[in-house]
Amino acid sequence: MNLEEIDKSFVLNTYARNYVNFKYGRNATLFDENRENYIDFTSGIGVVSVGHGNEDLANAISDQIRNITHISNLYLIEPQALLAEKLSKFSGFDVATFFSNSGAEANEGAVKIARKYGEINFDSKKYKIITLEHSFHGRTITTVKATGQKSMHSPNFSPYPDGFDYAKNIDEVYSKIDDETVAVMLELVQGEGGVEPFEKPKVQELAKFLKERNILLIIDEVQTGIYRSGEFLATNLYEIKPDIITLAKGLGGGVPIGAIMTTLKDIFSAGDHGSTFGGNYLSTSASLKVLDILENLKDSGVLDKTIIHFEEKLKEIIKEFNNLFIDEVGLGLMRGLTAKSSEIQAEVINQAFKQRVLVLKSGKNRVRFLPPLTINKEEIDEGFKRLRDALLNIN
Ligand SMILES: *Cc1c(COP(=O)(O)O)cnc(C)c1O
């Protein structure tokens with residue numbers, strides 16, 4: 001059997017895979033088994049924030065695992081404590097953090113925090129959480145239910161937990177709130193739902209409304225967090241103060257880690273929540289290094305320059321290919337091109353792959369760009385040259 005056959009026979013079928021075999025990567029460039037290079041505008045769906053094959057990250061991980069990889073949360077874990085301190089400092093919020101292994105798990109924990117808050121603080125229990133249509137919060141049974149996409153609530157996996165309701169947009173959240181509502185959970189830019197940022201004044205108004213009523217605001221920054229928006233958190237860009245923020249994707253630079261940051265620092269007692277792997281030496285030491293690298297990238301002005309250059313390139317595409325695209329959306333290094341149809345969206349991704357530039361889909365008709373934050377000018381220019389060649393092959 002060749003590798004593709006082995007994969008198809010032995011890996012449980014859940015992904016529509018491309019059968020390319022990447023062997024190594026350098027920053028935003030990947031090399032396959034035939035040494036063909038690809039420009040990566042996906043960073044493993046917003047994960048490889050510091051690029052592929054990052055030497056500093058590799059050294060930090062290797063130094064750590066030569067000493068201790070894991071010892072369990074029954075003992076102090078130095079890099080975990082230091083990472084939690086750093087997240088509080090970088091975010092500008094006085095928060096305590098719980099570490100998980102993924103975004104879905106972080107959101108599960110956020111739901112638990114909200115439920116406990118709703119149980120202990122009011123005369124009658126509050127437990128309902130309002131989320132937004134077109135959102136994405138994960139693949140566990142609870143986070144699938146929290147996800148505001150009907151197509152994901154398949155009867156195959158029912159019954160789902162109660163307590164979730166969906167608003168079409170920010171305006172509709174208000175009419176969904178009742179006496180049992182404990183929280184509103186949303187992404188500031190819906191990563192899977194079209195890369196369209198919510199309007200800042202609307203989000204700020206909602207945040208204020210919720211605070212006045214002691215309803216929690218949970219911001220899912222699994223995709224937008226860790227400088228993806230250009231700021232440490234999209235929350236910082238929106239100048240709001242949520243009660244709970246969840247993180248994952250870019251936090252570990254490819255090492256699985258999720259986080260729940262909350263201002264409700266005393267919500268849990270020992271035993272209320274936990275994780276075997278969460279926050280171990282491997283993932284938290286990797287994250288500390290990732291934050292180091294990205295802090296430098298931001299403070300040196302390089303990240304802001306990269307964002308401006310990337311945006312210019314997208315604008316050029318819109319201008320030249322107004323037969324295929326309507327406009328450009330998103331912020332930071334989380335961008336989208338609105339294709340005129342879902343057929344065009346699919347064809348763009350397909351043709352781009354043939355020209356060896358990787359892009360993603362989002363929503364019904366958007367082509368999504370999530371390059372490593374460390375992507376350099378040469379890689380951006382080469383990627384857009386290839387994208388242009390791909391687009392010239394369409395229609
Ligand atoms: C990817 C994503 C998740 C799920 O994260 P996993 O690590 O795949 O569980 C949750 N919320 C948002 C906004 C995401 O982009």
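Because the structure is predicted, anything quoted here is derived from the model rather than measured. When reading the values below, keep in mind they use all heavy atoms of this one structure, side chains included, and skip hydrogens, waters and symmetry mates. Just so you know, ligand 1 is whichever comes first in the structure, and atom 1 is the first atom listed for that ligand.
Checked for salt-bridge contact, Lys361 and Glu192 miss the test: no charged N lies under 4.0 Å from a carboxylate O.
Separation of the Phe209 and Tyr174 ring centroids falls under the 6.0 Å cut-off.
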Is there any protein N/O under 3.5 Å from an N/O of ligand 1, and what does the full list of such pairs look like?
unit_1   : atom_1 : unit_2 : atom_2 : d
ligand 1 : 7 (O)  : Gly103 : N      : 2.8
ligand 1 : 9 (O)  : Gly103 : N      : 3.4
ligand 1 : 9 (O)  : Ala104 : N      : 2.8
ligand 1 : 11 (N) : Phe136 : O      : 3.1
ligand 1 : 11 (N) : Asp220 : OD1    : 3.4
ligand 1 : 11 (N) : Asp220 : OD2    : 2.8
ligand 1 : 15 (O) : Gln223 : NE2    : 2.8
ligand 1 : 15 (O) : Lys249 : NZ     : 2.6

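Remark: Arg66 CZ is loosely packed, at most 12 non-hydrogen atoms of other residues, nucleotides or ligands lying under 6.0 Å away.
Side chains of Asn73 and Gln80: a donor on one and an acceptor on the other come within 3.5 Å.
Aromatic ring orientation, Phe310 versus Phe41: perpendicular (interplanar angle above 60°, classes split at 30° and 60°).
Taking Thr306 as the reference, Val302, Leu333, Ile375, Ile380 meet the side chain to side chain contact (heavy atoms under 4.5 Å, CB included) condition, with sequence neighbours excluded.
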